[in-house]
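This report refers to the structure that appears directly beneath it.
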There are 2 protein chains.
Amino acid sequence: MRDIKQKILKNQYAGMRLPDERSLSEAYGVSRSSIKRALGILAQQGIIFKKRGSGTFINPLYLKNQSLFHYEGSNLGITDSFQLDGKKQSIQLLDYQVVPASADIQEELFLSDTDFVYQIKRLRLIDDQPFMIETGFIPIKIVPTLSPAVVNSSIFNYLEDTKGKRVTKSFTTISVSPSTADDQQLLELKPTEPVAVMDGVFFLDDGTPFEVSSMRIHYHYMRYSTFINLDQEG
Amino acid sequence: MRDIKQKILKNQYAGMRLPDERSLSEAYGVSRSSIKRALGILAQQGIIFKKRGSGTFINPLYLKNQSLFHYEGSNLGITDSFQLDGKKQSIQLLDYQVVPASADIQEELFLSDTDFVYQIKRLRLIDDQPFMIETGFIPIKIVPTLSPAVVNSSIFNYLEDTKGKRVTKSFTTISVSPSTADDQQLLELKPTEPVAVMDGVFFLDDGTPFEVSSMRIHYHYMRYSTFINLDQEG
DNA sequence: AAGTGGTCTAGACCACTAC
DNA sequence: TAGTGGTCTAGACCACTTA
């Protein structure tokens with residue numbers, strides 16, 4: 001899959017058309033089923049279109065606009081969703097405490113009355129411009145070793161590097177809101193300027209809910225792109 | 001896949017756990033590969049989690065909150081994304097003309113200098129409350145038979161019913177903006193109240209780009225939910 | 001050690017498109 | 001009619017979890 005994707009990017013297929021599946025199968029020395037799986041994922045991502053009876057074609061929009069297409073939604077809809085390429089990221093820790101899990105949070109993280117969570121509020125900046133206020137809740141029993149030092153950078157990376165646990169799934173809702181006084185102060189907004197709100201639950205590989213998070217994003221930096229494909233939905 | 005989904009909804013599996021793939025294969029009288037494909041789609045949608053070595057489990061959040069989870073993003077991120085259940089939908093046609101395709105639109109719809117497009121501006125309402133201004137561009141050569149009467153309801157349904165063409169894919173970008181004077185008037189917003197902006201390209205089944213659309217949505221009605229799963233991304 | 005999901009194969013047959 | 005992708009099968013073997 002990766003190799004075919006590279007070839008598409010490098011324009012190594014003539015006429016926006018890929019070889020047929022049987023040829024690819026032979027060329028790569030794998031079964032047709034495996035080729036089919038690879039192409040299926042690329043089709044799901046909108047990189048190619050399959051047309052029964054005629055062949056498999058590259059989506060021209062993808063070539064023109066990879067930067068957008070590169071499927072920002074795929075990065076779990078968080079920091080990487082924003083244009084952080086060459087820019088300096090930083091974090092200000094605004095709040096860090098351990099509190100009992102509220103009823104709402106118990107429900108979303110599958111906790112009981114007796115569970116505690118970290119409550120972490122951070123301001124994220126790029127090139128010293130504040131762009132997002134993030135308030136997250138994480139069960140202490142999942143990462144008992146969290147500390148303010150860790151929280152000053154990526155919690156997801158910490159988890160992956162030290163515990164081998166990956167955060168690979170999320171359920172997120174995006175909405176829009178006028179800015180509150182708190183937003184205006186922290187994000188340096190005028191009263192007429194709005195924020196985007198992303199509320200989400202993040203899960204580990206195995207489905208364990210790991211964090212509930214609410215993000216308030218400076219409207220100027222909010223941009224969320226997705227490719228939707230209804231083919232595989234029964 | 002549909003049958004298993006029903007059984008999940010009706011709580012016909014004990015302990016939030018599905019039978020193993022080999023049993024399901026036998027029970028349904030199909031191969032394990034077919035079961036695997038069905039479960040793969042449900043996992044992609046966040047309905048179940050697969051754990052190698054231990055089994056397949058129902059996502060409890062899905063049972064608690066199907067209404068949200070029912071994956072509004074899947075409806076191509078448009079009207080169905082909003083809470084229109086029992087409510088009365090209506091449309092006001094604000095503009096309807098045929099114009100030459102601009103450079104931008106030519107690029108996104110793969111048209112040439114000589115192509116013309118319908119330019120259609122509509123105000124959508126639910127229960128007589130305006131909630132979205134939609135400006136769309138559609139190549140005349142794809143639907144030469146469009147008319148104001150058609151445009152007063154769903155163009156997608158018209159296409160499917162009369163031409164057998166389905167709109168199954170979209171590429172959409174969501175952002176946030178303060179309301180303009182036009183927004184404020186049409187959507188009955190105060191100057192401090194913002195709008196969500198959804199810009200997108202919609203494609204037919206076979207990858208033909210069908211419409212470029214820009215939607216400005218009353219912030220009160222904007223809510224976009226997605227489940228993201230990074231498992232299948234290489 | 002037993003049971004689970006993950007990957008992969010080799011091939012049959014079907015449905016559609018284009019010529 | 002030839003060529004394309006779609007669906008499905010029966011089975012081998014691997015990687016991981018749990019007891």
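With rounding to whole Å, B:Leu18 atom CG is found 12 Å from C:dT4 atom P.
Geometrically, A:Lys165 does not engage A:Phe210 in a cation-pi contact defined by less than 6.0 Å to the ring centre and at most 45° from the axis. Taking the centre and axis of the six-membered ring of B:Phe227, the NZ or CZ atom of A:Lys169 falls outside the cone set by 45° and 6.0 Å.
We find that A:Glu134 and A:Arg124 are joined by a salt bridge, their nearest charged nitrogen and carboxylate oxygen being less than 4.0 Å apart. Between B:Lys141 and B:Asp115, at least one side-chain N (NZ, or NE/NH1/NH2) sits under 4.0 Å from a carboxylate O, which counts as a salt bridge.
Side-chain contact annotation: B:Asp205 with B:Thr168, donor-acceptor N/O pair under 3.5 Å present.
Remark: the backbone N or O of A:Val30 is paired with a side-chain donor or acceptor of A:Ser25 at under 3.5 angstrom.
For B:Phe156 and B:Phe202, the ring centers sit closer than 6.0 Å to each other.
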Contacts table for residues 96-106 of chain B: side-chain donor-acceptor under 3.5 angstrom, sequence neighbours left out:
from     : atom 1 : to       : atom 2 : distance (Å)
B:Tyr96  : OH     : B:Leu146 : O      : 3.3
B:Tyr96  : OH     : B:Ser147 : N      : 3.4
B:Gln97  : NE2    : B:Asp95  : OD1    : 3.2
B:Gln97  : NE2    : B:Asp95  : OD2    : 3.2
B:Ser102 : OG     : B:Ile105 : N      : 3.4
B:Gln106 : NE2    : B:Ala101 : O      : 2.9

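Within residues 24-37 of chain A, the residues that have a heavy atom under 4.0 Å from DNA chain D are, in order of number, A:Arg32, A:Lys36.
Both A:Arg22 and A:Gly53 sit near DNA chain C, but only A:Arg22 has its closest nucleotide nearer the 5' end.
Chain A approaches DNA chain D within less than 4.0 angstrom (heavy atoms of the protein), and the contacting nucleotides run 5' to 3' from D:dG3 to D:dT7.
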